[in-house]
2 protein chains.
Amino acid sequence: MPAPAAPDAAAVPLARLAALFADGTRAAFLLALLDGRAWTLGELARQAGVAPSTASEHVDLLVAGGLLAQERQGRHRYLRLAGAHTAQLVEDLAGYGGPPVARPATLRASAAAAALARGRTCYDHLAGRLGVALTDAMIERGLLQRDTGFALTPDGVRWFAESLDVGDELSGGSRRPVARPCLDWTERRHHLAGAGGAVLCDRLLARRWVERIGTGRAVRPTPDGVRALRELLGVDVSGGPGAVA
Amino acid sequence: MPAPAAPDAAAVPLARLAALFADGTRAAFLLALLDGRAWTLGELARQAGVAPSTASEHVDLLVAGGLLAQERQGRHRYLRLAGAHTAQLVEDLAGYGGPPVARPATLRASAAAAALARGRTCYDHLAGRLGVALTDAMIERGLLQRDTGFALTPDGVRWFAESLDVGDELSGGSRRPVARPCLDWTERRHHLAGAGGAVLCDRLLARRWVERIGTGRAVRPTPDGVRALRELLGVDVSGGPGAVA
DNA sequence: AGGACTGTTCGGTCCGGGCCGAACGGTGCC
DNA sequence: GGCACCGTTCGGCCCGGACCGAACAGTCCT
């Protein structure tokens, strides 16, 4: 009946897990990776402002701790969050503001989350159901190939040029891959990232086929956009009943 | 458009928060406090196996970090989690097992959570809807007073003696307070703790008016218990439709 | 008043770990 | 093959912080 003398055995694992977050550099890595992209080690190091050697050690810890998944491609080491569960935990910690202050109206919060699930930007491209729908449509129409990592087909390059007035941005001038898959936390599916994904997002925003909601990452297709995308890709991005205010 | 050179400003606060969890002793404190009781500093120190001076410093950090709330009473320093939001975060971290392995059947998990919300032991007394219902009933019938901190009325002492065969366990022989409020995370309301809460839980279990479900903290009233508690306190603890397997 | 007990402060020790630079190995490109 | 680039390993530095014991302050009980 008195206090159990055995210190809770779960304490050590908890502390070990928390220690992975308890460093500014690692926290910066995790927050950066929250966008769902796979970053290279060098990108992470630059983002956090540390030497590559330092970043390498941090990444080792995060991978060993199960928070990050890695994929080596040639001389690059791509890192991404280990899964949606991990992203959730990062967001929980990052979003913790302390309990005493009035909680931000649960209704508003869940509405905001739903908006993000429908459509949002992920770094510089489109994600959420909108991003996945566009990617699926491009694959279906032979504009995009889904081997290991996405690849734009010749038809795809032509489509970008003719339908979206894209010039030489996709001719490989930059070092950045033209098409790369990006895993979506809400959809748990891949969508188009890379230079192609970025230029797609850029053009859709420029033509006001997609517009930002408020100041955050959430976006939604406009009526014009719904029409145009149905024409161009045969896809319905209206989001179903009740999706647009 | 390239990587933003500014390291995410949220990284430092995140790391600072995580650092509070990133120590075995502090983690043990937080896990112990997860039961919703307010512990004294000495209890926490003994539980975690550290010197009081060490515990004092840890508690300072946790309070300053907003994870713990404190209340000084005489020579005691009572500590409890700062709120339900905090408890949620502790549980999220403690329950993180890594995403790659198959999630433990969400159905089972939510069923277990529901069982805990209905009724459970909280250290040595009853919590959940069951604990709150019993406490409310005792207050309504004048057995318990709710000033600052609970107090057992003379009627309450008599009720314990006559209805539950409680002898001198409540006559202040021990140093422990007879009645103390304990905040419930699922209900966000107070229920009876202290020696009175402990003896109540003890008797109800002994008479098999309440029984444990499996090996954890979850409990449920038995059919006998539902009958007896309706008679003794005029309270319905059947838990509504579908509450009992 | 005295004694028992709870918690705090302070000094001192010690270990872990975050950081860098230098050297090295692997990969891809010309 | 040569060269640029990406990442890793290793040694070394240094700071933060976890811990204890001793001394002290405050509270409660007798």
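Every chain is numbered from 1 and lettered A, B, ... according to where its sequence line falls, protein lines coming before strand lines.
Between the side chain of Arg77(A) and the backbone N or O of Leu41(A), no donor-acceptor pair lies under 3.5 Å. Between the side chain of Arg203(B) and the backbone N or O of Leu164(B), at least one donor-acceptor pair lies under 3.5 Å. Using a distance-only test at 3.5 Å, with no hydrogens or angles considered, a donor-acceptor pair links the side chain of Thr135(A) to the main chain of Gly131(A). Between the side chain of Thr153(B) and the main chain of Leu143(B), a donor-acceptor pair closer than 3.5 Å is present. Side-chain atoms of Arg26(A) come within 3.5 Å of backbone N or O of Ala19(A) as a donor-acceptor pair. Using a distance-only test at 3.5 Å, with no hydrogens or angles considered, no donor-acceptor pair links the side chain of Arg158(B) to the main chain of Ser163(B).
For His76(B) and dT6(C), the NE2 to P distance is 7 Å, given to the nearest whole Å. One interatomic measurement links the two molecules: CZ of Arg77(A) to C1' of dT27(C), which rounds to 16 Å at whole-angstrom precision. Per the geometry, CG belonging to Leu41(A) stands 15 Å off C1' belonging to dT27(C), to the nearest Å. Straight-line distance from the CH2 atom of Trp39(A) to the P atom of dG7(D): 13 Å, rounded to whole Å. The separation between Glu43(B) atom CD and dC5(C) atom P is 16 Å, rounded to whole Å. Atom CG of Asp60(A) is separated from atom P of dG17(C) by 14 Å (rounded to the nearest Å).
Going from atom CG of Leu200(B) over to atom CH2 of Trp159(B) covers 5.5 Å, rounded to the nearest 0.5 Å.
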Protein-nucleic acid N or O pairs under 3.5 Å, nucleotides 16-20 of chain D:
{"unit_1": "dA18(D)", "atom_1": "OP2", "unit_2": "Arg26(B)", "atom_2": "NH1", "d": "2.8"}
{"unit_1": "dA18(D)", "atom_1": "O5'", "unit_2": "Asp23(B)", "atom_2": "OD1", "d": "3.3"}
{"unit_1": "dC19(D)", "atom_1": "OP1", "unit_2": "Thr25(B)", "atom_2": "OG1", "d": "2.9"}
{"unit_1": "dC19(D)", "atom_1": "OP2", "unit_2": "His58(B)", "atom_2": "NE2", "d": "2.3"}
{"unit_1": "dC20(D)", "atom_1": "OP2", "unit_2": "Ala51(B)", "atom_2": "N", "d": "3.0"}
{"unit_1": "dC20(D)", "atom_1": "OP2", "unit_2": "Thr54(B)", "atom_2": "OG1", "d": "2.8"}

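Nearest approach of Ala11(B) to Ala27(A), heavy atoms of both residues: O-CB, 3.5 Å.
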- Just by protein heavy atoms under 4.0 Å, how would nucleotides 23-30 of chain D read 5' to 3' in B, S and -? ---BBS--
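Put simply, the side chain of Leu68(A) does not reach to within 4.5 Å of the side chain of Trp39(A), judged on heavy atoms.
Five base pairs at each end of the helix from dA1(C)-dT30(D) to dC30(C)-dG1(D) define two local axes, and these are offset by 30° (rounded to 10°).
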- Task: Could you go through the side chain to side chain contact (heavy atoms under 4.5 Å, CB included) check for Leu204(B) and Leu134(B) one step at a time?
- Result: CA-CA 11 Å; Leu204(B) 264 49; Leu134(B) 290 177; 3.9 Å; yes
- Item | Full working for side chain to side chain contact (heavy atoms under 4.5 Å, CB included) between Thr40(B) and Leu79(B) | CA-CA 6 Å; Thr40(B) 66; Leu79(B) 287 311; over 6 Å; no
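In this model, the phosphate group of dC6(D) is not approached by any side-chain N or O of Arg46(A) to a distance below 4.0 Å at OP1 or OP2.
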